[in-house]
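Everything below concerns the one structure shown next.
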Amino acid sequence: MQHLSIFPILIPLLFGAIMLLPPISRDINSQRISSVIGTLFLLISSALLLYQIDTSGTELYALGSWQAPFGIVLVADRVSSLLVLLTSFLGFAVMLYAIAGKDKGGAYFHPLFMFQLMGINGAFLTGDIFNLFVFFEVLLIASYALLIHAGGKQKTQATVHYVILNLVGSSLFLFGLGILYGTLGTLNMADMAIKVGQLQGENATLAKTGALFLLVVFGLKAAMLPMHFWLPKTYASASAPVAALFAIMTKVGLYSIFRVYTVIFGEHAGELENIATPWLWPLALLTITIGSIGVLASPSVRTLSANLVIVSSGSLLACAAINSVEATSAALYYMVHSTLASAALFLLADLISRQRGQAEDRFVKSRMFTQPKLMGFAFAIVALSLVGMPPFSGFVGKVMILQATQSSVQTMWVWPLILIGSLGALVTFSRAGTTLFWRHSGSASNDAEPASKSEIAAIALLLLAAPVLVIFGGAITEYTLQAATALHDIQSSAYDLIPGVSR
């Protein structure tokens with residue numbers, strides 16, 4: 001049990017490496033079995049890790065027994081273990097969908113999928129900001145290949161844009177790390193949090209420059225305006241399992257913003273106190289606005305899904321700008337909801353596209369569905385959840401965000417944008433549902449491919465989260481509140497993680 005903290009990284013690494021070796025690498029069925037077993041083991045170990053952290057508190061895992069701040073450490077606290085469990089659950093559900101046939105469009109889908117999970121989990125667990133960069137690169141390299149999986153001109157073009165932007169982001173990341181290391185002499189997050197308050201004069205100015213470089217990088221990953229433009233086309237062009245897995249990708253950038261600008265550059269940071277807040281406020285509100293406009297203009301289910309990811313990113317950035325325990329707690333709950341609901345809509349878009357012939361998932365008149373009741377029921381649940389209608393989790397998440405506003409000025413800006421964004425989503429989903437399910441010509445196509453059992457199971461698992469997050473809402477919100485409280489407490493989030501250091 002003492003090694004549980006590294007299992008979410010080690011399990012996908014080992015399974016991904018094994019699937020690159022013959023004879024498994026030549027047999028798609030062996031890869032499918034290995035991937036399902038691997039993601040199931042990952043899900044179980046992540047659940048055990050969350051339970052252990054919830055009962056025993058934050059755990060510091062020093063690789064090679066080199067203690068912080070000199071060695072590489074993993075920090076498993078309530079925030080990181082929650083997001084690791086979210087990633088593992090999403091990975092398991094998406095893999096169930098992929099093994100129905102979507103994994104055959106190109107080579108090495110299963111190893112790349114595992115390496116992607118490894119990079120995402122590593123980013124959530126690392127306690128060192130340089131290793132955050134390393135895990136960013138691991139997940140990005142895997143995502144480059146997954147994005148172009150199954151080929152096609154549209155995917156190639158989207159991949160080129162995605163790769164170029166992320167290469168620029170990686171360069172800025174290194175510049176920021178170099179500046180911060182030069183001024184602080186460390187890249188361990190807890191050690192940086194202790195030392196940053198001591199900076200003055202030119203060193204404080206340099207550190208501020210490095211911190212703002214990182215904000216640009218994290219904003220790019222989180223699809224924060226004006227760095228959001230890559231997301232709709234990239235996500236809409238990806239295959240369904242890849243797009244569904246990518247629903248967690250923006251959350252890595254958002255998590256980094258919460259972790260770095262709360263723990264390192266939070267209220268204790270002296271001259272650098274809350275340096276991100278003045279930038280986050282306008283950019284968060286504009287991200288919600290642009291995302292909502294994109295939702296209203298969406299011509300297809302996949303594009304609608306991608307624009308809803310931008311809206312959710314803007315809402316979470318608003319929570320980061322509010323910068324309170326209550327706002328962070330609301331963000332954690334809403335992060336879980338939006339990730340699973342968005343992933344379900346990406347998968348559902350693929351099923352809709354397959355059953356409507358040449359019309360695919362566009363909002364135009366077409367043939368009837370092969371499975372109209374199943375498609376309609378699933379579409380209704382995911383629509384109500386993403387709009388934020390009771391009794392689903394989207395309603396609870398948005399109410400928590402609205403209640404987290406601390407002043408009349410915050411309320412004046414956040415409430416109208418969140419509510420208008422929900423109204424825009426309601427209008428678009430109503431228009432989409434009317435067109436998709438009521439406007440049809442002729443009977444269902446004989447060539448339409450019905451959903452398989454594993455595909456239905458995958459979407460059902462993701463949709464089940466909407467009522468479950470409400471039924472167990474009391475326990476979940478209590479957990480997120482404890483997680484947010486610990487994150488904002490410099491004693492538990494920094495000082496207690498460095499041996500021999502007292503406040």
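These values consider heavy atoms only, across backbone and side chains, with no hydrogens, waters or symmetry-generated copies.
Between the side chain of W279 and the main chain of V216, no donor-acceptor pair closer than 3.5 Å is present. Under a 3.5 Å cut-off, the side chain of S454 and the backbone N or O of L96 do form a donor-acceptor pair. Between the side chain of S385 and the backbone N or O of V382 there is no donor-acceptor pair closer than 3.5 Å. With hydrogens and angles disregarded, no donor-acceptor distance shorter than 3.5 Å links the side chain of H337 to the backbone of A465. Under a 3.5 Å cut-off, the side chain of S80 and the backbone N or O of D77 do form a donor-acceptor pair. Formation of a donor-acceptor pair under 3.5 Å by the S329 side chain with backbone atoms of V325 is not found in this model. A donor-acceptor contact shorter than 3.5 Å links the side chain of K398 to the backbone of V387. A donor-acceptor pair under 3.5 Å links the side-chain atoms of S492 to the main chain of A486, judged by distance alone. In this structure, N274 contributes its side chain and T277 its backbone to no donor-acceptor pair below 3.5 Å. W66 places no side-chain N or O within donor-acceptor distance of the main-chain N or O of L63, the cut-off being under 3.5 Å.
Aromatic pair Y61/H3: ring centres closer than 6.0 Å.
To the nearest 0.5 angstrom, N121 atom CG is 11.5 Å from L10 atom CG. We find the CG-CG distance between L48 and L85 to be 10.0 Å, quoted to the nearest 0.5 Å. Atom CD1 of I456 and atom CG of L461 lie 12.0 Å apart (nearest 0.5 Å). Within the model, atoms CG of L177 and CG of L172 stand 11.0 Å from one another, a figure rounded to the nearest 0.5 Å. One distance of note links CE of M400 with OG of S393; it measures 11.5 Å at 0.5 Å rounding. The distance from atom CG of N131 to atom CG of L74, rounded to the nearest 0.5 Å, is 8.0 Å.
The side-chain hydrogen bond (donor to acceptor under 3.5 Å, both in side chains) analysis of residues 205-227, with sequence neighbours excluded, yields the pairs N166-K221. The list of salt bridge (charged side-chain N to carboxylate O under 4.0 Å, His left out) pairs with a residue in residues 42-67, not counting sequence neighbours, reads D54-R78.
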Stepwise side chain to side chain contact (heavy atoms under 4.5 Å, CB included) test for H268 and I194:
CA-CA 9 Å; H268 61 282; I194 295 170; over 6 Å; no
Dump the intermediate steps for side chain to side chain contact (heavy atoms under 4.5 Å, CB included) on L132 and M189, then the final yes or no.
CA-CA 10 Å; L132 179 64; M189 293 185 193; 4.2 Å; yes
Can H110 and F113 be said to form a ring-ring contact (aromatic ring centres under 6.0 Å, His included), step by step?
CA-CA 5 Å; H110 292 276; F113 192 94; 7.7 Å; no
Start with the C-alpha distance between T186 and D191, add both sets of side-chain angles, then the distance that settles side-chain hydrogen bond (donor to acceptor under 3.5 Å, both in side chains), and finish with yes or no.
CA-CA 7 Å; T186 181; D191 200 26; 3.2 Å; yes
Kindly indicate, with the supporting measurements, whether the criterion side chain to side chain contact (heavy atoms under 4.5 Å, CB included) is fulfilled by F246 and L147.
CA-CA 9 Å; F246 278 19; L147 183 58; 4.2 Å; yes
Could you check F346 against D350 for side chain to side chain contact (heavy atoms under 4.5 Å, CB included), going step by step and ending with a plain yes or no?
CA-CA 7 Å; F346 278 118; D350 181 61; over 6 Å; no
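For the pair Y235/T250, a side-chain contact is recorded, criterion being any heavy-atom separation below 4.5 Å from C-beta on. In this structure, the side chains of K251 and I248 come closer than 4.5 Å at one or more pairs of heavy atoms. Taking 4.5 Å as the limit, some side-chain heavy atom of E137 sits within range of a side-chain heavy atom of L140. Counting heavy atoms from C-beta outward, N323 and Y261 have side chains that stay 4.5 Å or more apart. No side-chain heavy atom of F92 sits less than 4.5 Å from a side-chain heavy atom of L42. A heavy-atom distance below 4.5 Å is not found between the side chains of I264 and L180. For the pair L345/F429, a side-chain contact is recorded, criterion being any heavy-atom separation below 4.5 Å from C-beta on. For the pair I11 and M114, the minimum side-chain heavy-atom distance is 4.5 Å or more.
The environment of I72 atom CD1 is sparse: at most 12 non-hydrogen atoms of other residues, nucleotides or ligands sit within 6.0 angstrom. Residue W413 places its CH2 atom among 12 or fewer non-hydrogen atoms of other residues, nucleotides or ligands, all under 6.0 Å distant. Within a 6.0 Å sphere centred on CD of E267, heavy atoms belonging to other residues, nucleotides or ligands number 12 at most. Around the OH atom of Y144, the shell of radius 6.0 Å holds more than 12 heavy atoms that belong to other residues, nucleotides or ligands.
Applying the ring-ring contact (aromatic ring centres under 6.0 Å, His included) test between F173 and each of F218, F135, F130 identifies F218 as the sole match. Just one residue in the list S312, S292, S298 forms a side-chain hydrogen bond (donor to acceptor under 3.5 Å, both in side chains) with N307, and that residue is S298.
In this structure, a donor-acceptor pair under 3.5 Å is present between the side chains of H488 and T328.
Closest of all the heavy-atom pairs between V84 and S46 is CG1-OG, 3.4 Å. Taking every heavy atom of both residues into account, A276 and L215 meet most closely at CB-CD2, 4.2 Å. Shown here for V295 and A425, the closest heavy-atom pair between the two residues is CG1-CA, 3.9 Å. Scanning both residues, Y479 and S81, for their nearest heavy atoms gives OH-OG, 3.2 Å. In terms of heavy-atom proximity, A123 sits nearest to Y255 at O-CE2, 3.5 Å. Of all non-hydrogen atoms in A62 and V73, the two that sit nearest each other are CA-CG1, 4.1 Å.
With sequence neighbours excluded, no residue forms a side-chain hydrogen bond (donor to acceptor under 3.5 Å, both in side chains) with N203.
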